[in-house]
Amino acid sequence: MKKIMLSGVKPTGRSHIGNYFGAMKQFVDLQDEYESYIFIADYHALTTLQDAEELAENSLNVALDYLAIGLDPQKTTLFKQSDVPEVCELAWIFNCLTTVPYLERAHAYKDAVAKGKEVSVGTFDYPMLMAADILIQDSDVVPVGADQKQHVEYARDTAEKFNRVFDKAKVGDFSQSFKLPTALILENVKTILGIDGQKMSKSYGNVIPLFIGDEEIRRLVMSIVTDSGSGLPKNVFAIHSLFRDQKSLEALYEEKQGKYQHLKEALIADLTIFMKPLRAKREVLARDKNVVREILKIGGARARARAAKKMELVRRKIGIS
Ligand code: TYM
């Protein structure tokens, strides 16, 4: 029997090369090895995106992105988080086991507080909904970028806590309610940097989106911040390393030392070659959105059936069945 992989992307904007190399490429590379469940985290997106039209449109876009990068709906169950409403029920149950000080230690929450934001309860509770996503499908592995590592650890801790409280589980006991998931993080791409040298993030406005055309590639590469002095434009180099092997990249940057314009042109050329087939595939898929909706519908039903079964066990364990 194959082990189970699960992961998701929030539909809060266009997918970018940080999402792709940090996480989404892994979904494709691992879909044969694992029984895979990949979803669109629309309930999580609601913590920051509160516009019905935009959320619906972005969600369909993420589905198109998944298909365009090569997720095969015959192999991978593709679905929308909101088609599995049981996750909200499970998140509530986890809320009752989780303490406030424990959630206060979450990086994302602490960052929001540090920035002086008025944090919603949903943002504070984000890790428990994510734990529910992961644990309700009995996931073994969760491919993600480094910024989600702590969230997967929260899921693991929550599984252990539930098992301790409701199963009275002992170490090495395999009859426990929840499996303990592991994050899959690829060391060399765990944090992709944006055009300003900070972590690439939709909320920082420093992304290179996937599927962009030649003009946008040129405009974004030209706006990569280069530091003067060292001769090595390290922000250009960091992004370029995603599209070329280390050896040929080092040779190029050695040869063209200090010639920033030339190096940016080389990156434009490599990015253009990378984007072209992805964009073409996405354009074809985008012609018939009903096919995409149908794929999500089938995936949603499958994911929900599994979740419903799991919830029967959970309700029995806590005494409300
Ligand atoms: P999201 O939508 O922010 O990002 C999707 C995936 O892309 C990765 N990522 C990056 N990796 C490397 N470098 C970067 N600059 C970079 N930016 C983003 C993220 O680590 C992520 O893997 N909370 C999740 C969505 C989610 C989820 C889940 C994931 C909800 N429930 C259950 C896994 C399992 C999120 O906001 O990802």
Side-chain angles (χ1 to χ4, degrees), residues 4-28 30 34 36-49 55 58-59 61-63 65-66 69 77 79-82 84 87-88 90-91 94 106-109 111-112 122-123 125-156 158-159 181-210 235 238-239 241-242 303 307:
I4 294 173
M5 160 171 89
L6 171 136
S7 197
V9 173
K10 250 182 331 193
T12 45
R14 289 197 285 174
S15 304
H16 55 72
I17 60 171
N19 300 135
Y20 180 72
F21 287 102
M24 294 164 81
K25 184 169 184 294
Q26 289 201 73
F27 307 168
V28 180
L30 298 174
Y34 292 93
S36 30
Y37 296 86
I38 301 295
F39 68 99
I40 300 154
D42 48 2
Y43 275 141
H44 275 114
L46 193 62
T47 59
T48 56
L49 174 59
L55 183 61
N58 287 352
S59 297
N61 276 329
V62 173
D65 298 347
Y66 281 155
I69 62 169
T77 300
F79 64 105
K80 280 200 306 185
Q81 182 182 36
S82 55
V84 185
V87 290
C88 296
L90 184 57
F94 290 160
H107 304 313
Y109 169 73
D111 287 352
T123 301
D125 198 33
Y126 192 110
M128 289 302 103
L129 182 57
M130 186 154 158
D133 293 330
I134 295 169
L135 300 180
I136 210 165
Q137 299 293 352
D138 286 323
S139 312
D140 294 289
V141 295
V142 185
V144 283
D147 61 353
Q148 298 298 317
K149 181 170 188 262
Q150 191 192 32
H151 286 152
V152 180
E153 286 163 3
Y154 268 62
R156 199 182 165 91
T158 304
T182 307
L184 292 183
I185 297 172
L186 296 176
E187 193 49 38
N188 55 341
V189 286
K190 65 181 184 187
T191 306
I192 306 297
L193 303 180
I195 59 174
D196 59 356
Q198 293 188 80
K199 185 189 94 166
M200 186 174 287
S201 166
K202 290 169 219 167
S203 55
Y204 298 164
N206 63 356
V207 310
I208 297 183
L210 272 176
N235 296 337
I239 293 172
S241 68
L242 300 168

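Atoms within each ligand, like the ligands themselves, are counted from 1 in listed order.
Looking only at distances, no side-chain donor or acceptor of Asn206 sits under 3.5 Å from a matching main-chain atom of Ile195.
Heavy-atom proximity to Ala23, at under 4.0 Å, picks out these atoms of ligand 1: 6 (C), 7 (O), 22 (O). Proximity to Thr191 (heavy-atom distance under 4.0 Å) selects the following atoms of ligand 1: 12 (C), 13 (N).
Among protein heavy atoms, atom 23 (N) of ligand 1 sits closest to Tyr126 OH, 2.7 Å. Of the protein's non-hydrogen atoms, Met130 SD, 3.9 Å is the one closest to atom 26 (C) of ligand 1. Protein heavy atom at the shortest distance from atom 4 (O) of ligand 1 is Asn19 ND2, 3.4 Å. Among protein heavy atoms, the minimum distance from atom 1 (P) of ligand 1 is reached at Lys10 N, 4.1 Å.
Heavy atoms from both the backbone and the side chain of Val144 come within less than 4.0 Å of ligand 1. Heavy atoms from both the backbone and the side chain of Met200 come within less than 4.0 Å of ligand 1. Counting heavy atoms under 4.0 Å from ligand 1, residue Gln81 does not touch it at all.
Among Lys190, Gln148, His16, Gln198, the residue whose heavy atom lies nearest to atom 37 (O) of ligand 1 is Gln148.
By the 6.0 Å contact criterion, NZ on Lys202 is enclosed, its count of non-hydrogen atoms from other residues, nucleotides or ligands being greater than 12.
In this structure, Val189 is part of the shell of residues with a heavy atom less than 4.0 angstrom from ligand 1.
At under 3.5 Å, a nitrogen or oxygen of Ile192, whether backbone or side chain, sits near a nitrogen or oxygen of ligand 1.
Ring planes of Phe79 and Tyr37: perpendicular class, angle over 60° (limits at 30 and 60°).
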